[in-house]
Amino acid sequence: MKITDIETFLVPPRWLFLKVSTDEGVVGWGEPVVEGRAETVRAAVREMADLVRGQDPLRIEEHWQMLRRSGFYRGGPVLSSALAGYDQALWDIAGKVRGVPVHELLGGPVRDRIRVYSWVGGDRPQGIREAVRGQVDRGFTAVKMNACGPMDAIATPADVDGVLERAHEARDVLGPDRGLAIDFHGRVSPAMAKRLLPRLEEVQPLFVEEPILPELPASVLKSVVDSSPVPIATGERLYSRWEFKPVLDAGIAVAQPDPSHAGGISELRRIASLAEIYGASIAPHCPLGPISLAASVQVAFATPNFLIQEQSLNLHYNAGSELTGYLADTSPFAFVDGQLARPTGAGLGIEIDEDAVRRAAEAGHAWRSPVWRHEDGSLAEW
């Protein structure tokens, strides 16, 4: 079997899909994208095509090494995301050729169901109770919310109290039997993280995500972890096991590699194994489309230290193009009581509606990350 064709599809709301075709008619799908930089990643995917076209798609690790290491300059969000899309597509092909789900090729399932969580807002004071109640009514047993909007390096007591008030509102609706994750989104300085984290223990978060910017030294992260009585999670902006080791050394409780950013299924699996050494869990970051989620789910079912899965159903970014909109069969993403049953379909376990993808790609998208500013006009972290 040989790889014959590489195609990319820029589809709303902010996704990029990759189709890898073979001379035997078996195709694989991947989702290589950086939110707000889809065209940039698309260029990297096209540059890498010469390395895989004409090659055997079943040599997945060989292709991973080639796409990662054949360039003198490696890693980072763009190149790692392009690599991730290829890796997902090749695993999809491998599962289809053998007639089994990818998790069977990763050693087989270690669980029958995985827990998933859903998003609510949180960065604005209005509507928290209603949003959380809506997710509970849909059957979800865990939600994640933003801690705040733009926050000064040393915030006011009112800003701190606002974070706590919103967290308590969410906890009041969730009760003691459901999970509440709180995402700082790198908007908070180390000083404010150390002030906020002990007070957030009152709502017993499942975890607090990205309390500080990922580019800060691991020693700074360690000081935040050491000051925190709640579990710390991070990793959506880390792209390899080499980048995860320092944050695991710093003592995080939950690693959050993204299946479309951190080198795909192959590297996600390795990051999970690395985290296991530290007694840390993984909760893969995944606010993207159906292919990315399908890839992440396959890893989750074969990973002992998996904790919970993010997904983008009803996410506000998806206006006009829902998570299941490009699927010929939506049943693989039927969330029941906040859980997802083990997929049985071959490969990634989903069937892409290629006609819908091609129609959507005619319009494409130009999604960009929001730009936030502080009251004084200076740039704020989004």
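None of the values given here were measured: they were computed from a predicted structure.
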> With salt bridge (Lys or Arg N to Asp or Glu O under 4.0 Å) as the test, would you mind laying out the steps for Asp172 and Arg129 before giving the verdict?
CA-CA 8 Å; Asp172 287 346; Arg129 288 183 182 276; 3.3 Å; yes
> Measuring from atom CG of Asn314 to atom CZ of Arg138, what distance do you get when rounded to the nearest 0.5 angstrom?
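Interatomic distance, Asn314 CG to Arg138 CZ, rounded to 0.5 Å: 4.5 Å.
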> Of all the heavy-atom pairs spanning Ala170 and Leu180, show the shortest one and how long it is.
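That closest heavy-atom pairing would be CB-CD1, 3.9 Å.
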> Out of curiosity, Leu348 CG to Glu351 CD, how far, rounded to the nearest 0.5 Å?
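Reported to 0.5 Å precision, the distance equals 13.0 Å.
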> Does a sphere of radius 6.0 Å around CD in Gln65 hold more than 12 heavy atoms from other residues, nucleotides or ligands, not counting ones at 6.0 Å or beyond?
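For Gln65, atom CD is crowded (more than 12 foreign heavy atoms under 6.0 Å).
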> Would the number of heavy atoms belonging to other residues, nucleotides or ligands and lying under 6.0 Å from CZ of Arg195 be above 12?
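No, the 6.0 Å shell around CZ holds no more than 12 heavy atoms from other groups.
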> Atom CD1 in Ile271, atom CD1 in Ile282: separation rounded to 0.5 Å?
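If I round to the nearest 0.5 Å, the distance is 8.5 Å.
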> Does Arg368 have any side chain to side chain donor-acceptor pair (under 3.5 Å) partners at least two apart in sequence or in another chain, and if so, which?
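For Arg368 there are no side chain to side chain donor-acceptor pair (under 3.5 Å) partners, ignoring immediate neighbours.
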> Is there a path of hydrophobic side-chain contacts, each under 4.5 Å between heavy atoms of I, L, V, M, F, W or Y residues, that connects Val299 with Tyr86?
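Yes.
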> Mind checking whether Ile352 and Trp91 sit in one hydrophobic cluster, side chains of I, L, V, M, F, W, Y counted as touching below 4.5 Å?
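Yes, Ile352 connects to Trp91 through the hydrophobic network.
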> Tell me whether Glu169 is salt-bridged to Arg166, with the criterion being a basic N under 4.0 Å from an acidic carboxylate O.
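Judged by the 4.0 Å cut-off on N to carboxylate O distance, Glu169 and Arg166 do not form a salt bridge.
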> How about CG on Asp137, more than 12 heavy atoms from neighbouring residues, nucleotides or ligands closer than 6.0 Å, or not?
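Counting other residues, nucleotides and ligands, CG of Asp137 exceeds 12 neighbours.
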> Got a second to check how far Arg359's CZ is from Phe9's CZ, nearest 0.5 Å?
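Between atom CZ of Arg359 and atom CZ of Phe9 there are 12.5 Å.
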> Whether the side chain of Ser80 engages the backbone of Gly76 through a donor-acceptor N/O pair (distance < 3.5 Å, no angle test) should be reported.
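Checked: pair present.
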> Supply the atom-to-atom distance Asp353 CG to Leu327 CG, rounded to the nearest 0.5 angstrom.
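Result: 8.5 Å between the selected atoms.
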> Sort out for me which residue in Leu174, Val120, Thr141, Leu313 forms a side-chain contact (heavy atoms from CB on, under 4.5 Å) with Gln135.
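Output: one option passes, namely Val120.
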> Are Asp5 and Lys19 close enough for a salt bridge, meaning some N to O gap below 4.0 Å?
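Judged by the 4.0 Å cut-off on N to carboxylate O distance, Asp5 and Lys19 do not form a salt bridge.
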> Surrounding CZ of Arg270 (heavy atoms of other residues, nucleotides or ligands, distance under 6.0 Å), is the total greater than 12?
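Atom CZ in Arg270 is crowded, with more than 12 foreign heavy atoms closer than 6.0 Å.
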> Just checking, any donor-acceptor pair under 3.5 angstrom between side chains of Ser240 and Glu267?
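No pair is found: no donor N or O on one side chain lies under 3.5 Å from an acceptor on the other.
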> Could you grab the distance from atom OG of Ser219 to atom CG of Asp226, nearest 0.5 Å is fine?
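One finds 11.0 Å between OG of Ser219 and CG of Asp226.
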> Does the pair Arg358/Glu362 count as a salt bridge with the N-to-O cut at 4.0 Å?
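Result for this pair is no, no salt bridge flagged.
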> Can a donor-acceptor pair be found between the side chains of Asp23 and Thr4 at a distance below 3.5 Å?
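There is no such pair between these side chains.
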> With sequence neighbours excluded, what pairs up with Phe306 under the ring pair (Phe, Tyr, Trp, His ring centres under 6.0 Å) test?
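With neighbours one apart ignored, the set is empty.
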> Taking only residues two or more places apart in sequence, or in another chain, which ones meet Tyr326 in a ring pair (Phe, Tyr, Trp, His ring centres under 6.0 Å)?
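Tyr326 satisfies ring pair (Phe, Tyr, Trp, His ring centres under 6.0 Å) with Phe17 once adjacent residues are dropped.
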> Looking only at side-chain N and O atoms, does Asn305 offer a donor or acceptor that is under 3.5 Å from a partner on Ser281?
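The criterion, which ignores hydrogens and geometry beyond distance, is not satisfied for Asn305 and Ser281.
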> Pick one: which of Val203, Val163, Val173, Leu200 meets side-chain contact (heavy atoms from CB on, under 4.5 Å) with His168?
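For His168, the side-chain contact (heavy atoms from CB on, under 4.5 Å) check succeeds only for Val203.
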> Members other than Tyr73 in its cluster, when Ile, Leu, Val, Met, Phe, Trp, Tyr link by side-chain heavy atoms under 4.5 Å?
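Via sub-4.5 Å side-chain contacts, Tyr73 links to Phe72.
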> Check the side chains of Gln311 and Trp119 for a donor-acceptor pair under 3.5 angstrom, ignoring hydrogens and angles.
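No pair is found: no donor N or O on one side chain lies under 3.5 Å from an acceptor on the other.
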> More than 12 non-hydrogen atoms from neighbouring residues, nucleotides or ligands closer than 6.0 Å to CD on Glu375, yes or no?
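Not more than 12 within 6.0 Å, no.
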> When the side chains of residues 95-113 are checked against the rest of the protein, which donor-acceptor pairs come out under 3.5 Å, sequence neighbours left out?
{"residue": "Lys96", "atom": "NZ", "partner": "Val27", "partner atom": "O", "Å": "2.9"}
{"residue": "Lys96", "atom": "NZ", "partner": "Asp92", "partner atom": "OD2", "Å": "3.1"}
{"residue": "His103", "atom": "ND1", "partner": "Gln298", "partner atom": "OE1", "Å": "2.9"}
{"residue": "His103", "atom": "NE2", "partner": "Arg342", "partner atom": "NH1", "Å": "3.4"}
{"residue": "Arg111", "atom": "NH1", "partner": "Ala300", "partner atom": "O", "Å": "2.8"}
{"residue": "Arg111", "atom": "NH1", "partner": "Thr303", "partner atom": "O", "Å": "2.6"}
{"residue": "Arg111", "atom": "NH2", "partner": "Thr303", "partner atom": "O", "Å": "3.4"}
{"residue": "Arg111", "atom": "NH2", "partner": "Pro304", "partner atom": "O", "Å": "3.3"}
{"residue": "Arg113", "atom": "NE", "partner": "Gln339", "partner atom": "OE1", "Å": "3.4"}

> Side chains of residues 40-51: which donor-acceptor partners sit under 3.5 Å, not counting sequence neighbours?
{"residue": "Arg42", "atom": "NE", "partner": "Thr8", "partner atom": "OG1", "Å": "2.8"}
{"residue": "Arg42", "atom": "NH2", "partner": "Thr8", "partner atom": "O", "Å": "3.1"}
{"residue": "Asp50", "atom": "OD1", "partner": "Arg53", "partner atom": "NH1", "Å": "3.3"}

> Using a strict 4.0 Å threshold on nitrogen-to-oxygen distance, state whether Arg237 and Glu210 make a salt bridge.
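Here Arg237 pairs with Glu210 in a salt bridge, since their nearest N and O are under 4.0 Å apart.
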> With a 4.0 Å cut-off on N to O distance, would you call Lys245 and Asp249 a salt bridge?
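Salt bridge present between Lys245 and Asp249.
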